[in-house]
Amino acid sequence: MRAMMPPPSARRRERDGLRSTVRSTPRGAELGAGWQPQASGAKASESALVEQLRSGDRPATERFVREHVGWMLALAQRYVKDASVAEDCVQEAFLQAFRGIGEFEGRSALRSWLYRIVTNTALMKLRSRRCAVEQPIEDSLPHIGPDCCRTQAPWAELATPHEILERKQARELVVAKMMELPDSYRIVLLLRDIEGMSTEETARALAMTEGAVKVRLHRARAAFKMLVEPVLRRYV
Amino acid sequence: MITCADLEDFVANYLDGSLTRPKCRELERHLDDCAACREFLLAYRRTVWVAKMAMKSANYPPAPVPEEFVQAILGSLRR
């Protein structure tokens with residue numbers, strides 16, 4: 001099963017896209033709740049699967065797509081939000097994966113490899129629509145008075161992380177609020193705090209300076225904190 | 001002398017350990033004196049942690065994927 005090869009310029013863009021954006025292997029925690037590190041037996045069966053995919057084995061390809069499409073779609077949607085754009089990302093990611101499977105060296109698990117491809121595809125999509133006007137974030141930033149002092153009203157006592165996360169409604173609200181952040185802030189937060197990338201890796205992925213990543217990260221965290229304040233407190 | 005406004009500029013570096021030692025000490029002195037910034041920093045850290053945990057558990061198990069989408073992927077791979 002061979003996908004039609006794109007023209008050389010597109011191949012170059014694709015390769016550069018992969019290499020100039022997310023290169024690091026995602027940590028286990030970022031691979032989702034279902035991720036397990038590979039045992040040696042699993043590694044051997046993954047090598048066999050890679051061989052099947054390389055040879056164009058149709059049933060193996062279908063199993064592979066069905067096994068991974070769900071989490072890939074959820075991951076893409078975190079970045080691009082729009083469901084149909086997320087579908088485009090995933091379809092494109094599978095095409096890239098099958099074009100590149102010949103070069104897959106097995107240094108990381110297939111899932112980690114796919115994870116990087118989906119993330120990069122989603123970032124490329126976002127980059128292509130960067131001109132869209134974003135909602136300002138200023139209203140959600142901390143209030144500092146003219147005397148350079150914090151002016152927030154005192155909050156009720158903080159709930160413990162355990163208290164917060166055991167409430168399904170609170171977890172859902174946290175995720176929903178994350179999706180409310182403007183793209184340019186949400187993406188930095190996702191890459192840096194959720195995926196666990198370093199500032200340097202995030203800067204490389206977004207073609208920004210490290211200084212700019214730090215400033216945007218702080219603003220994103222501060223705005224996000226303001227958005228989720230109600231679930232952080234004990235009075236709710 | 002660090003103010004609440006300065007803390008805004010330094011907090012990301014402070015948390016990732018890249019703030020210089022003298023600046024760290026200044027910032028910590030400010031935190032000793034300023035209850036509002038202490039509370040802000042605690043809630044800020046908690047927000048980061050809660051976000052990570054909530055996003056990790058979100059979408060697991062993933063929602064069912066429409067069959068026509070799976071078929072569209074398989075179709076594009078066969079082309």
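All chains are named by letter (A, B, ...) in the order of the sequence lines, taking the proteins before the strands, and each is independently numbered beginning at 1.
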*Asks:* Please classify the contact between B:Leu42 and chain A as side chain, backbone, both or neither, with a heavy-atom cut-off of under 4.5 Å.
*Replies:*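 Contact with chain A is through both the backbone and side chain of B:Leu42.
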*Asks:* Does any non-hydrogen side-chain atom of A:Leu227 lie less than 4.5 Å from one of A:Leu181?
*Replies:*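 Yes, close enough: below the 4.5 Å cut-off.
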*Asks:* Could you check, using the six-membered ring where one of them is a Trp, whether A:His68 and A:Phe94 have ring centers closer than 6.0 angstrom?
*Replies:*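 Not under 6.0 Å, so no.
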*Asks:* Select, from B:Ala51, B:Ala35, B:Ala12, B:Pro64, the one with the greatest count of heavy-atom pairs under 4.5 Å involving chain A.
*Replies:*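 Max contact count across the listed options: B:Ala51.
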*Asks:* Measure B:Phe69 against the heavy atoms of chain A and call it side chain, backbone, both or neither at under 4.5 Å.
*Replies:*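 B:Phe69 touches chain A through side-chain heavy atoms alone.
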*Asks:* Are more than 12 heavy atoms from other residues, nucleotides or ligands located less than 6.0 Å from atom CD of B:Glu67?
*Replies:*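 More than 12 within 6.0 Å, yes.
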*Asks:* Counting a contact as any heavy-atom pair under 4.5 Å apart, which residues of residues 17-30 of chain B contact chain A?
*Replies:*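 Residues in range: B:Ser18.
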*Asks:* Got a sec, which residues hit salt bridge (charged side-chain N to carboxylate O under 4.0 Å, His left out) with A:Arg171, two or more places apart in sequence or on another chain?
*Replies:*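 Listed in chain order: nothing, the list is empty.
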*Asks:* Against chain B, label A:Ala170 side chain, backbone, both or neither, depending on which of its atoms sit under 4.5 Å from a heavy atom there.
*Replies:*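 Contact with chain B involves no heavy atom of A:Ala170 at all.
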*Asks:* Which atoms of A:Leu73 are under 4.5 Å from chain B, going by heavy atoms: the side chain, the backbone, both sets, or neither?
*Replies:*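 Interface part for A:Leu73: side chain.
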*Asks:* Pick from A:Ile144, A:Thr160, A:Thr199, A:Val90: which one has the most heavy-atom pairs with chain B under 4.5 Å?
*Replies:*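 Highest number of pairs under 4.5 Å: A:Ile144.
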*Asks:* Parallel, tilted or perpendicular, judged at 30° and 60°: which one describes the rings of A:Phe98 and A:Phe64?
*Replies:*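 Ring orientation of A:Phe98 relative to A:Phe64: perpendicular.
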*Asks:* What part of B:Asp16 gets within 4.5 angstrom of chain A, counting heavy atoms only: side chain, backbone, both, or neither?
*Replies:*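 Side chain only.
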*Asks:* Can you say whether A:Val228 sits under 4.5 Å from chain B via the side chain, the backbone, both, or neither, judging by heavy atoms?
*Replies:*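 A:Val228 touches chain B through side-chain heavy atoms alone.
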*Asks:* Taking only residues two or more places apart in sequence or in another chain, which ones pass salt bridge (charged side-chain N to carboxylate O under 4.0 Å, His left out) with B:Glu8?
*Replies:*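 B:Glu8: salt bridge (charged side-chain N to carboxylate O under 4.0 Å, His left out) contacts with A:Arg150.
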*Asks:* Can you tell which part of A:Leu173 gets under 4.5 Å to a heavy atom of chain B, answering side chain, backbone, both or neither?
*Replies:*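 Neither part.
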*Asks:* Who are the ring pair (Phe, Tyr, Trp, His ring centres under 6.0 Å) partners of B:Tyr14, not counting sequence neighbours?
*Replies:*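 Scan of B:Tyr14 (ring pair (Phe, Tyr, Trp, His ring centres under 6.0 Å), adjacent residues dropped) gives none.
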*Asks:* Is B:Ala72 close to chain A through its backbone or its side chain, or both, or neither, when contacts mean heavy atoms under 4.5 Å?
*Replies:*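 It is both, since atoms from each part get that close.
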*Asks:* Mind telling me whether A:His218 and B:Phe40 have parallel, tilted or perpendicular rings, with 30° and 60° as the class edges?
*Replies:*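 Plane angle over 60°, so perpendicular.
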*Asks:* Between CZ of A:Arg216 and CZ of A:Arg221, what distance do you get to the nearest 0.5 Å?
*Replies:*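 If I round to the nearest 0.5 Å, the distance is 14.5 Å.
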*Asks:* Quick one: CG on B:Asp33 to CE on B:Met1, what's the gap to the nearest 0.5 Å?
*Replies:*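 One finds 6.5 Å between CG of B:Asp33 and CE of B:Met1.
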*Asks:* Of all the heavy-atom pairs spanning A:Val213 and A:Met208, show the shortest one and how long it is.
*Replies:*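 Taking A:Val213 first and A:Met208 second, the nearest heavy atoms are N-CE, 3.9 Å.
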*Asks:* Where on B:Val50 is there a heavy atom nearer than 4.5 Å to chain A: the side chain, the backbone, both, or neither?
*Replies:*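 Looking at B:Val50, backbone and side chain both touch chain A.
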